[in-house]
2 protein chains.
Amino acid sequence: MFDTDTAHRPTNECLKITEVLARVGDKWSILVIGRLGDRSMRFNELRRSVEGVSQRMLTLTLRGLERDGLITRTVTSSIPPRVDYELTGLGRSLLVPVEQLARWAQEHRPTVEIARREFDLKMTADTV
Amino acid sequence: MFDTDTAHRPTNECLKITEVLARVGDKWSILVIGRLGDRSMRFNELRRSVEGVSQRMLTLTLRGLERDGLITRTVTSSIPPRVDYELTGLGRSLLVPVEQLARWAQEHRPTVEIARREFDLKMTADTV
DNA sequence: CGGGATCCACCGAGATACTG
DNA sequence: CAGTATCTCGGTGGATCCCG
């Protein structure tokens with residue numbers, strides 16, 4: 001699993017996946033990518049849209065995504081200044097597998113929640 | 001995006017996704033799931049297999065996955081004791097979208113790395 | 001408006017030691 | 001073998017203030 005060939009090559013392929021998941025798996029990245037899936041957005045517009053993200057974290061998230069070539073940052077020097085963020089082709093392509101994962105989440109969340117409650121019940125029963 | 005209907009309903013659907021990504025996005029979960037994709041494994045076997053994971057984190061990761069119903073934990077009371085971990089049907093179903101993401105990672109990693117290097121160069125150029 | 005800089009709290013995660 | 005318990009440190013992320 002996670003290997004191109006049948007041989008066992010953990011550190012090579014798996015590190016790449018870990019790397020991508022470090023990018024996608026953080027608290028805000030996919031939410032931002034999801035928002036930008038529809039259209040390009042400005043900073044504060046994005047900030048209000050994502051809801052819960054702090055200014056600092058949005059900035060850091062956007063920087064990271066820009067660094068990885070997933071979004072573009074377009075500055076329009078005017079007063080007031082205007083900065084637009086937009087998905088690149090690469091970012092848009094990432095949207096596909098992320099949507100798959102989102103679908104899995106929606107589909108199986110009830111099951112997970114039930115399992116979670118059952119597990120917690122067992123644990124408290126053992127402790128008592 | 002991330003909504004079932006066209007209306008804008010961020011906090012409902014998006015929170016679910018965030019939840020799943022919190023589960024999948026942490027450092028070890030998918031690696032463990034990936035390893036268990038082939039076959040069930042014992043604790044230390046898994047520990048050696050994942051490579052880099054500490055005993056503590058493997059324990060915590062396995063507990064989390066078990067709690068969410070993604071893996072089962074089977075204890076065989078013997079000397080020495082034996083505990084086997086195995087993917088559930090739910091866990092196996094999660095493997096599908098995760099593989100998609102893994103494929104994206106493998107496919108686009110070179111592009112990301114180039115973008116990353118370019119970005120870093122620009123930054124250092126600006127600073128200097 | 002779109003950030004940068006700073007301070008601080010929290011907890012994720014490694015190291016170590018002990019147990020059934 | 002398969003954990004639990006504790007201590008500790010570094011990083012992540014929030015809050016706040018300031019700037020072009």
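Numbered from 1 within each chain, the chains take letters A, B, ... in sequence-line order. Values in this document were obtained by computation on a predicted structure and should not be read as measured data.
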In B/S/- notation (B base, S sugar-phosphate only, - none; protein heavy atoms under 4.0 Å), nucleotides 15-20 of chain C written 5' to 3' is B-B--B
Would B/Val50 and B/Trp28 count as a side chain to side chain contact (heavy atoms under 4.5 Å, CB included) if you check the C-alpha gap in whole Å, the side-chain angles of each, and the deciding distance to 0.1 Å?
CA-CA 8 Å; B/Val50 169; B/Trp28 306 111; 3.7 Å; yes
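- Regarding A/Arg47, its CZ atom lies at a distance of 14 Å from the P atom of C/dG4, rounded to whole Å.
- When hydrophobic clusters are built by joining Ile, Leu, Val, Met, Phe, Trp and Tyr residues whose side-chain heavy atoms come closer than 4.5 Å, directly or via intermediates, B/Ile114 is not grouped with B/Leu121.
- Across the protein-nucleic acid pair, B/Leu62 atom CG and D/dT4 atom C1' stand 15 Å apart, rounded to whole Å.
- Both A/Val53 and B/Glu45 sit near DNA chain D, but only B/Glu45 has its closest nucleotide nearer the 5' end.
- Atom CE of A/Met57 is separated from atom P of D/dT12 by 9 Å (rounded to the nearest Å).
- Per the geometry, CE belonging to A/Met41 stands 11 Å off P belonging to C/dG2, to the nearest Å.
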Could you walk me through whether B/Arg103 and B/Glu107 pass the salt bridge (charged side-chain N to carboxylate O under 4.0 Å, His left out) test, one step at a time? CA-CA 6 Å; B/Arg103 244 188 295 281; B/Glu107 206 169 314; over 6 Å; no
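- B/Thr88 places a side-chain N or O within donor-acceptor distance of the main-chain N or O of B/Leu70, the cut-off being under 3.5 Å.
- Between the C1' atom of D/dG13 and the CG atom of A/Leu60 lies a distance of 9 Å, rounded to the nearest Å.
- When the side-chain nitrogen and oxygen atoms of A/Lys27 are compared with OP1 and OP2 of C/dG12, none of them lie within a distance under 4.0 Å.
- Taking atom CG of residue B/Asp26 and atom P of nucleotide C/dA13, one finds them 7 Å apart after rounding to whole Å.
- One can place CD of A/Glu66 at 14 Å from C1' of C/dG2, the figure rounded to the nearest angstrom.
- Using a 4.0 Å heavy-atom criterion, one finds that A/Arg42 contacts the sugar-phosphate atoms exclusively.
- A donor-acceptor pair is defined here as one N or O able to donate and one able to accept, closer than 3.5 Å; no such pair exists between the side chain of A/Thr61 and the backbone of A/Ser29.
- Note that CD of B/Gln100 is 5.0 Å distant from CD of A/Gln100, once rounded to the nearest 0.5 Å.
- Taking atom CG on B/Leu58 and atom P on C/dG12, their separation rounds to 17 Å, with Å as the unit.
- The existence of a salt bridge linking B/Glu45 and B/Arg35 is excluded, since no basic side-chain nitrogen approaches an acidic carboxylate oxygen closer than 4.0 Å.
- Heavy-atom distances to DNA chain D give each of B/Arg48 and A/Gly52 a nearest nucleotide, and the one nearer the 5′ end belongs to B/Arg48.
- Comparing atom distances between the A/Trp28 side chain and each of D/dG3, D/dC1, D/dG14 picks out D/dG14 as nearest.
- When distances run from any side-chain atom of A/Val83 to the nucleotides C/dG4, C/dG2, D/dA2, the shortest one goes to C/dG2.
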